[in-house]
A.B. asks: 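Before I ask anything, here is the structure I am working with.
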Amino acid sequence: MVDSPRAWHSDCDYTDTGDELYDESYDNTPPDDDRRGSSSFGYFNAYPTSAPDLLTLEALAAAKGDNAADYDTFKAPMLRKRAGTFDNLRKVGRGDIKELLVEVANVLEAIEGAPSQLSAGLERTIARTRERVRNAGRRGRRAWRKAVTGDKEKRVRDHMAEPTGVRLKDKLSFTLGVLNLIISEYWILMRPGQFWVWFLCVMPPLLAARYFLYRQLKFSYFMFDFCYFVQALCMASVWWPDARLPGGVRLQQLLFVFANGPLALAIVAWRNSLVFHSSDKITSVYIHAFPPILTFCNHWLVNRDDDDGGGGADATRPPLSWYGALGAPLLYYLLWQAAYIVKTEVVDRRRLAADPEIQTSLRWFSRDTRNGLYKAAMAACVRLGVMRRGEAFDSAQLKTKVVFWISQLLYTLLTMLPAKLLHDHYALHVAFMLGILVFCIHNGSVYYIEVFSKRYETDIQKEVARRRRRLRLPSLGTEHGGGGGGG
């Protein structure tokens, strides 16, 4: 038993010579498995394992304990060898460590800089790609300008704002309008069961073009009118022809009433005219005429009975009752009217109040004194004492709003009355459609003979001045009046 660490140190013949810290006379062979598991190595669990303890003689003496024989034979050489390893680490020069740390720092710096270098390279690639795209776009625009205007430096919008550009647009509109009429006639006479295909080819592009045009003119709120609601019903009827709506009414019957009542007679009420060179007037005609034509083909020319000498209603569809002709359509009209009032009077009230240039049906109604609906509503209000003689409608007043809503309701209700007769009688429906078409053509002829021939040049100059003001272009040398109104 060793009384002190230093005495144990002398017994072990420990000498710190530098390379070896233990006596090589000891056997370093580790014990086999059965001896390692025996109870004679009870000191093992008490053996300190941290590096500082291994390097101190006090730790070695404490680990020896009461098992000196076993310890000196098997464990002391191992502990001295591990202590020598740590001592060799002490002999590594500070310069070597410093160089190692510098190398590690360089590696870390390179790793940290890799993302920034990658990002810089990616940004350079994107910049070069953008420049190539811009150059290609410039070359394409110049080629397009050269083909349209004859000058690669002259913008197409500037060219279209000149009289020659306006004439070119009108020529294209006239050509497309006539071709559209001919193709529509072919579908009606030769393929009435597939007229919905032509409907889908014509109406969505026209509605999209009108939206972008009206958005520029601040007329976009016209797109919430009832006629556009019927366009949505037409689209739905194409995909769900046998759909039944809440309220016990079929979608096809509801669409028939709306299309052949308020929509068709709007051509008469609003004096729509078949003016082929005006894309706006042609679009208005198609919006009011295509739904009646679609319902006429679906009702009379699909699955028709040829024994009746002409057209026959689809025998698979039930007859139209008076509830289906007036009751259910009136409910759905009131549903649309309520949604329209919420949109204009609640949701967008502040926006409309802040910008009086935004046009709505109400504002147009209160200002268009030549319109038949305005005259009829004013006469009725004066007779009932609601309006004084000489007083004008004001779109900001609640009185004008109520008059407008009631006028629309009465117009819709009155124009829905003939729908049941048209649904039940083929000849009457044919005469009705022809009458609407003749009225539309007559309005177009009046416009061309009495208005167009005298106003065309003046309208061109007004349109040029209006577009130049919008594009902030210099004047042509002569100041003209304000832009013309829409048709």
A.B. asks: Please tell me if the side chains of Pro418 and Phe432 come closer than 4.5 Å, counting only heavy atoms from C-beta onward.
C.D. replies: no
A.B. asks: Mark yes or no for whether Tyr411, through its side chain, and Pro262, through its backbone, hold a donor-acceptor pair below 3.5 Å.
C.D. replies: yes
A.B. asks: Any donor-acceptor pair under 3.5 Å linking the side-chain atoms of Asp394 with those of Ser366?
C.D. replies: no
A.B. asks: Is there side-chain contact between Asp242 and Leu251, with at least one heavy-atom pair below 4.5 Å?
C.D. replies: no
A.B. asks: Would the Phe199 and Trp196 ring centres measure less than 6.0 Å apart?
C.D. replies: no
A.B. asks: Using side-chain heavy atoms (C-beta onward) and a distance below 4.5 Å, is Arg351 in contact with Ile358?
C.D. replies: yes
A.B. asks: Measuring from atom CE of Met416 to atom CG of Leu330, what distance do you get when rounded to the nearest 0.5 angstrom?
C.D. replies: 5.0 Å
A.B. asks: Looking at Phe290, Phe296, Trp300, Tyr186, which one forms a ring-ring contact (aromatic ring centres under 6.0 Å, His included) with Phe195?
C.D. replies: Phe290
A.B. asks: Answer yes or no: is there an ion pair linking Arg128 with Glu131, defined by an N-O contact shorter than 4.0 Å?
C.D. replies: no
A.B. asks: At what distance, to the nearest 0.5 angstrom, does CZ of Phe222 lie from SG of Cys227?
C.D. replies: 10.0 Å
A.B. asks: Between Lys399 and Val386, is any pair of side-chain heavy atoms under 4.5 Å apart?
C.D. replies: yes
A.B. asks: How close do Leu207 and Met235 get, heavy atom to heavy atom, and via which atoms?
C.D. replies: CD1-CE, 4.4 Å
A.B. asks: I'd like to know whether Arg367 forms a side-chain contact (heavy atoms from CB on, under 4.5 Å) with Tyr374, so could you lay out the CA-CA distance, the side-chain angles of the two residues, the decisive distance to 0.1 Å, and finally the verdict.
C.D. replies: CA-CA 9 Å; Arg367 298 171 185 174; Tyr374 179 98; over 6 Å; no
A.B. asks: Between Ser284 and Arg210, do the side chains contain an N or O donor and an N or O acceptor separated by less than 3.5 Å?
C.D. replies: yes
A.B. asks: Hey, what do you get for CG (Leu274) to CD1 (Ile267), rounding to the nearest 0.5 Å?
C.D. replies: 9.5 Å
A.B. asks: Between Lys420 and Leu320, is there a donor-acceptor pair closer than 3.5 Å when you use the side chain of the first and the backbone of the second?
C.D. replies: yes
A.B. asks: Side-chain contact, heavy-atom cut-off 4.5 Å: Leu362 with Trp405?
C.D. replies: no
A.B. asks: If I take atom NE2 from residue His442 and atom OG from residue Ser273, how far apart are they, to the nearest 0.5 angstrom?
C.D. replies: 11.0 Å
A.B. asks: Checking side-chain contact (heavy atoms from CB on, under 4.5 Å) for the pair Asn180/Ser184: CA distance, chi angles, key distance, verdict?
C.D. replies: CA-CA 6 Å; Asn180 199 343; Ser184 299; 3.4 Å; yes
A.B. asks: Name the residue from Val403, Ile406, Thr400 that meets the side chain to side chain contact (heavy atoms under 4.5 Å, CB included) definition with Cys381.
C.D. replies: Val403
A.B. asks: So does Glu357 pair up with Arg363, basic N to acidic O under 4.0 Å?
C.D. replies: no
A.B. asks: Tell me, with the steps shown, if Asp424 and His429 meet side-chain contact (heavy atoms from CB on, under 4.5 Å).
C.D. replies: CA-CA 9 Å; Asp424 295 341; His429 198 181; over 6 Å; no
A.B. asks: Report yes if the side chains of Asn272 and Phe439 come closer than 4.5 Å at any heavy-atom pair, otherwise no.
C.D. replies: no
A.B. asks: Below 6.0 angstrom between ring centroids: does that apply to Phe258 and Phe226?
C.D. replies: yes
A.B. asks: Please report the closest heavy-atom contact between Asn371 and Ala269, naming both atoms and the distance.
C.D. replies: ND2-O, 4.3 Å
A.B. asks: Can you tell me if Thr415 uses its side chain to pair, donor with acceptor, with the backbone of Thr412 under 3.5 Å?
C.D. replies: yes
A.B. asks: Would you indicate whether Tyr332, at its atom OH, is surrounded by more than 12 heavy atoms from other residues, nucleotides or ligands within a distance under 6.0 Å?
C.D. replies: yes
A.B. asks: Indicate the ring-plane relationship of Tyr448 and Phe174, choosing parallel, tilted or perpendicular according to the 30° and 60° boundaries.
C.D. replies: perpendicular
A.B. asks: Check whether Asn260 reaches the backbone of Phe256 with its side chain - one donor and one acceptor, N or O, closer than 3.5 Å.
C.D. replies: yes
A.B. asks: At what distance, to the nearest 0.5 angstrom, does CG of Leu326 lie from OG of Ser321?
C.D. replies: 9.5 Å
A.B. asks: May I ask you to check whether Tyr340 and Phe224 place their ring centers less than 6.0 Å from one another?
C.D. replies: no
A.B. asks: Check the pair Leu409 / Leu334 against side-chain contact (heavy atoms from CB on, under 4.5 Å), numbers first and verdict last.
C.D. replies: CA-CA 8 Å; Leu409 175 62; Leu334 293 176; 3.9 Å; yes
A.B. asks: Sub-3.5 Å donor-acceptor pair from the side chain of Gln231 to the main-chain atoms of Tyr228, do we have one?
C.D. replies: no
A.B. asks: Nearest 0.5 Å, what's the CD1-CD1 distance between Ile183 and Ile188?
C.D. replies: 12.0 Å
A.B. asks: Mind checking whether Lys218 and Asp355 have side chains closer than 4.5 Å, heavy atoms only?
C.D. replies: yes
A.B. asks: Just checking, is any N or O donor in the side chain of Tyr426 or His299 under 3.5 Å from an acceptor N or O on the other one?
C.D. replies: no
A.B. asks: Using side-chain heavy atoms (C-beta onward) and a distance below 4.5 Å, is Thr129 in contact with Arg132?
C.D. replies: yes
A.B. asks: Tell me whether Arg244 at atom CZ has more than 12 heavy atoms from other residues, nucleotides or ligands lying less than 6.0 Å away.
C.D. replies: yes
A.B. asks: Measure from NZ or CZ of Lys401 to the centre of the six-membered ring of Phe365, then state whether that distance is under 6.0 Å and the direction lies within 45° of the axis.
C.D. replies: no
